[in-house]
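Working notes for the structure below.
Here is the naming used below: chain letters follow the sequence lines, and residue numbers restart at 1 for every chain.
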Amino acid sequence: MTAGWISRQRHLLDFALSSLGRRRGKNLGLLAVYTLVVFVLASVMLFSHAIRHEARLVLKDSPEVVVQKLVAGRHDLIPAGHLEAIRGVRGVRAAEGRLWGYLFDPAAAANYTLMVPRDQPPAPGTALIGSGVAAVRDAAPGDTLSFRAHDGQLVQFTVAGTLERDSALVSADLFLVSEADFRRLFGVPEGRFTDIVASVRNPREIRTVAEKIDAALPDTRIILRDEILRTYDSVFDWREGMLLVLLSGAILAFGIFAWEKASGLSAEERREIGILKAVGWETSDVIRLKTLEGMVISLTAFLAGYVLGYLHVFHFGAPLFEPVLKGWAVLYPDFRLTPFVDELQVATLFFFTVFPYTVATVVPIWRAATVDPDQVMR
Amino acid sequence: MSPVRPSFIALAGLAGAVAALGATFVDAGLRSAAAGPGLAARGALAARLELTDLALFTEARYTRNPSQADLHAAFQDHPFAFEHFPTGSLVAPAAAKRGRP
Amino acid sequence: MLFQPAIIALILASAVSTLMLASSLPFVVRVLRRWDMASGAETQLEMERRTYLVATLLKLVLVAQGAALVLFVFNADRMASLFTGAMCAVGTLKVDRWGFPALYLHMAVFFLSAFWLVLNHVDNLGWDYPLIRLKYAALLGLAPVVAVAGGVQLAYFLGLRADVITSCCSTLFSGNGITVTSNALAAMPHGVALGLLAAGLAAVAASGAHFLLRGSGGVVHALASAAVLGIGLAAVVSTISVYVYELPHHHCPFCLLKREYGHVGYALYLPLFLGTVCGVGGGIAARTRRHPSLALAAPRAARRLVGVSLACFAAFGVVALWLVLRSHLILFEAAP
Amino acid sequence: MIRLTDVRKAFNQGRHNEFWALKGIDLRLAAGAVTVFRGPSGSGKTTLLTMVGALARPTSGRVHLEERDISAMPERFLTEIRRSTFGFVFQNFNLIKGLSVVENVMIPAYPVGLPHGRLKARAMDLLERLEMADKAEARAEWLSGGEAQRAAIARALINDPRVLIADEPTANLDSERSAQFLSIVAGLKRDGRTLLMTSHDPMVAEAAVVDRVVSLRDGRQVEAR
């Protein structure tokens, strides 16, 4: 029985292929549109997933707890006195003040992120710059960059070195300076910090510790590393979802297109199905035949679209997304995404593209298959 | 003498395409293994400098550091407002800002 | 609500399934009231044609729901990172009270639509559509289940907010969890679980063999298959998972599906589910031979189904046994 | 072997353009005979052939094939009976364009599930017997009328049916080709097959090979020879 079943399916497949081939123009058009839809969706999903994964890996050792002071709902400098209060909370291992901020550089029309590394800070008057900064200012070690401080005076920095290009994804716009220079440039008084980072002795107690800090310092807000990671997860999930919802318009349009193509049977096709039924094909044979035709198209489109999307995102640097991602950013990190693909993504993509197509073609297929067998005699 | 059946060509093509799909997984595995040291270096840098965000979206202050962004930064009067900057449509305000403290 | 591709896909799948079933309900009513095989009137011919559409739609529902079941579990596992305290699918499903009901309903829809297709298949073997009224009446029962499953799933997803503290599987299943049933399952002594499983498999094998040899007792086999589904899942939660993880208190039934454990869960669940579908389906098919037009065809179909179900349960048993033997964990001391 | 009892067939039933193509036909068709249905167009002879050949179900009345009542059978089973019992040669041959002749011949056997090699050998065998072997790989639309008909006959015979049904077989053929067709019919009759044809071509109705002529008018049988 199985051998007969197999050779029957193969005969049907043979016929389905030659039937597709006989309407080459129509089917190639459909295939092209379908592949394009899969390609765009695949690119979006692969890109978001890879970024998400990358963020998760890169930021896994970022500060456990960040404490920021709020004044009237806006972020404000935090007094050093809070440091003691935080260190006094049970479970806190260490707490340090961070100094960082944004600096708009009119020469490059770009925003830099100025930071004071507590670990190996640059000497006063020198700076370590990210690769993006180096690129927009065309700066090399030894060059001098000058900015206007908060009081209008010029502050000069000698470039002591650049951060590795490899780390551009986190460091492209960094401008690392000494604490004295930072305070001088922005006029941040001694005893004040941008925010405070704290580490916790027992990782399981982070949330409890955070609640204690919150209770002790009601004028602050607390950001946990878990939240940051989760934020990256959901930011891209959410945006990816939004994009998919928007693209679902495209999927819908494609579904309608597929329905149209499937139901717009030409007189010739109708005659063919009539002939098949008259000479002894059963309705379910015709349904199977048409389903095979649909499967050939959807599998081809899915596989081709996915592989093209993969190449686009990971081998060609996602050029189609660059405009959106870059936006008006002058400092865009020069990075190549590390490919991370997983089965769930591929399965979801398959579901998203093949399922609507299948649904859209069911009724037209059935309608085509129930052509009267005796109509060829009329 | 009989010509190759179309179903054979199609099945071979399908096998090839599935192999290509499998190849993307292999390629991804190889490349992410090769990228391992780079990732570790990036992670170490982020840990050393106590960075909390990627430098992906640098054109506006609030998109540079999604986790730290000011709720009421310029051009961002409402968390769900349409964005002045194009990447605003890719990065939402941090979840931490949207609900919980 | 979380905007996630997989979630959107799942909602899409259940919405479309519900819609497809709902749209065939008027036809179902028409069949129940007007079906007359002896008539050659055009309305009757039209109805016969439409049965092909309903069968095709149901096949699509089955495929979609089968895929959705896998996607649902897969996605629950993947979403665990979004919730504090959730370390795997169990945590995600515990985020609100709709999670587990949604999973159970997914499974119910999968099994019910599979049984319906068995019924449909058998019916198509008889030249006078002997089961047409029965099977369309069954659709009236299936449609609400699909709709409710879709609704519960939607409620679950709508209620999801990243960040909700949930219990992780290791605490949930270690004995102080919240749900009584999961707890009872996890707390089941290993010896009892394995003994029950062995007994269940033996019952399935005996009833299946009896059916194949004598051609009777299909219903017994169906009941045994359904029982083994429950026993099998219980044994996986209480004992087999422990053997796989080699941690005495890790009872999660979903982590088995993960890459870390070689996706071994699929080797357990697929044969178990397929075996149940074929076992119960075989019982259904065996019951229908009372119709004269099915006297020959139904037993043949039933035999085939029972044969497949036996093979599946055997595969499940072998995989379970292999997992237990391979494990470094020793739960039972050898008698001195 | 085929028995029709009070067979009626309506089209557009229940609508204002309701039309009864057959108004009560009683008929017995013997096995191994050649029967021609004759009548003006619209007389219901083609509709009758679709009833006999299990292409359609009668609105009322009974059709028996051997001892089996096939008039109330669903399409699913009717198709199986049709495939194994009847072969059809249509008026305009109805070959599928774009396929080769041999592929066209093989089509009715696809759902049977025969291995490809054996099926093809059988198709080639039939084409050989109909002197069409050299055209086997030609496309269907390139054939002349006579060739197309022989291809259609080969297709009708691929499942080795007992009954061959031909609708206006000589309508598109010149006299020489028609004579050739009748000689093929004679050969098939010798093989023991039953042949049913519609025709208003006197050459067919009066051919020596024909055993019986049934005349129809307005959906009723008017006379029989």
Please say whether more than 12 non-hydrogen atoms of neighbouring residues, nucleotides or ligands are located less than 6.0 Å from CZ in C/R30. yes
Note: D/E75 and C/E48 closest approach over all heavy atoms is N-OE1, 3.9 Å
Donor-acceptor contacts under 3.5 Å from residues 57-67 of chain C side chains, at least two apart:
unit_1, atom_1, unit_2, atom_2, d
C/Q65, NE2, C/S17, OG, 3.1

Could you list the donor-acceptor pairs under 3.5 angstrom formed by side chains in residues 93-100 of chain D, with sequence neighbours left out?
unit_1, atom_1, unit_2, atom_2, d
D/N94, OD1, A/R271, NH1, 2.7
D/S100, OG, D/E103, N, 3.4
D/S100, OG, D/E103, OE1, 3.2

Measure C/E42 against the heavy atoms of chain D and call it side chain, backbone, both or neither at under 4.5 Å. both
Can you confirm whether more than 12 heavy atoms, excluding those of C/L296, are under 6.0 Å from its CG atom? no
With a 4.5 Å heavy-atom cut-off (strictly below), which parts of residues 120-139 of chain C touch chain D? List them by number. C/N124, C/L125, C/G126, C/W127, C/Y129
D/A56, part contacting chain C, at a heavy-atom distance under 4.5 Å: neither
Report which part of D/N12 has an atom under 4.5 Å of a heavy atom belonging to chain C: side chain, backbone, both, or neither. backbone
My understanding is that only residues two or more places apart in sequence, or in another chain, count here; which of them pass side chain to side chain donor-acceptor pair (under 3.5 Å) with D/D160? D/R193
Please flag which part of D/P74 lies under 4.5 Å from any non-hydrogen atom of chain C: side chain, backbone, both or neither. both
OG1 of C/T51 to CZ of D/R76: how many Å apart, nearest 0.5 Å? 6.0 Å
Is it true that atom CZ of C/R49 has more than 12 heavy atoms of other residues, nucleotides or ligands lying nearer than 6.0 Å? yes
